Amino acid sequence: MGVFRDLQRTPGVFRILISQLTAKFPIGMLSIVIMLHVEKIYGDYTSAGLILAFASVGQGIAGPLTSRWMGHWGMRPVLILTSTVSASAMTAIALLSVPLMVIAVLALIMGLTTPPVTSSVRTIYPKLVPGRQIAPLFSLDAALQEVIWIVGPVLAVFLSATISTEVGLLTAVGFMILGGAWFITAPELGKVRIPKSRRRLGAVLTRPTVLISTLIGFFFIASFAALEISIVSIFGHDGVESGIVLAFFALGSLVGGVTIGRREPSSWSLALRSTGILAGISLTLFSPNIWWLSFVLFLGGIGTAPMFSALFTMVSSTVKFSETAESYGWLQTGHLIGAAIGSALAGVAIDAFESNGGIVISILFLLVTVFLSVITSRWIPDLRGRDASPIPDTDPIMMPETL
């Protein structure tokens, strides 16, 4: 744990960690509370999956665009604008009684204006710590994100079941506004300037590590989205048990992040970690008992934060600094489109085959994740003992002409 003590000594690291965690707290609430809200109003999980799909597609489109805008206009202006619009759309979803397609449009707007907190903070990290501390910092970040997934679903289900889904959504709005303000005013945002990328939008995908991370992340997150909606369907929209089960899954990830995840990843780390997660999720098919599900998902969750840490560190070590924000934007796009497709397919499978249908969808997505991690291992860098800092941007030096 000495490496984490070293991080604590670095000025500003924990301020950025906690403020961005608060700003992103709605992520842990939104998918489940929107699903509960839509299912309550329209009466089926297919509609809920559709709305989540619209929100996730919007987020996927916005990922690389808003990340690239930060290089042109700065992080703070982009974060302020997107936070304001996204929170307004979320409030409208909570308070308006309108047809399903209007909710879908609002969800799309909410997704398109999702604040690019993830891209900004992961661009800042390599400038806060030495290269050897980047992998542990990404691991600690991924582990702390699990606080969102431990507390968020429980809070969302509790508020929705005991008060109303509208209150659950408005609570998420409050976290977005207050947490976003704390993160936006952090001094570290003013100390790091993202250079303008000289390459066209999407050119970073020609880098094998960025493309591999985006594809693996797509299937990885799709499996989680399918799992989440499946767990909720087991206990119903009034059951708090689903929040407890998902919290155990996140707790396992937290444990994995501060143990396994602090190690610098090798070429086979993604394959090994995703295989462990697959084993845990597959065991959920044996029983819908809350304690069985909590136990096996805790075990499966141990590889989650280390998996994310390996993906982020791989990208950080192989792209130029001016390309990092856009690269993480594409990773986010892969994650969110995966969440959209995973939620939509699971919703249809649950309506057709009950809860186990959605779990099977989750397992299939994880099988593809393991397969891709194995066949792409030759392009995945072995970062053990290596500096994971981004490649420096260099400008041509203009030499005076000699007469």
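From a predicted model like this one, the values you see are computed outputs, not experimental measurements. Note that these values count all heavy atoms, side chains included, but never hydrogens, waters or copies made by symmetry.
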Measure across Ser83 and Met176 and return the closest heavy-atom pair with its distance rounded to 0.1 Å. O-SD, 4.0 Å

Exercise: identify the closest heavy-atom pair between Ala310 and Leu270: CB-CD2, 3.7 Å

Grab the two heavy atoms, one from Trp268 and one from Ser377, that are nearest each other, plus how far apart they are. CZ2-OG, 3.5 Å

Rounded distance [0.5 Å steps], OG1 in Thr91 versus CG in Leu106: 10.5 Å

Listed partners of Phe224 passing ring-ring contact (aromatic ring centres under 6.0 Å, His included), at least two apart: Phe220, Phe249

Do we see a donor-acceptor contact under 3.5 Å between the side chains of Thr114 and Ser86? no

Shortest non-hydrogen contact from Arg273 to Pro306? NH1-O, 2.7 Å

Shortest non-hydrogen contact between Met314 and Ser213, atoms and distance: CE-OG, 2.6 Å

What's the spacing between Leu246 CG and Leu293 CG if we round to 0.5 Å? 9.5 Å

Any side-chain to backbone donor/acceptor pair from Thr82 onto Leu79? Under 3.5 Å, distance only. yes

dist Ile277:CD1 -> Leu299:CG (nearest 0.5 Å) comes out at 12.0 Å

Can you measure from OG (Ser223) to CD (Glu228) and round to the nearest 0.5 angstrom? 11.5 Å

Non-hydrogen atoms of Ala226 and Ile229 that approach each other most closely: O-CG2, 3.3 Å

Do the rings of Phe298 and Phe248 sit parallel, tilted or perpendicular, given the 30° and 60° boundaries? perpendicular

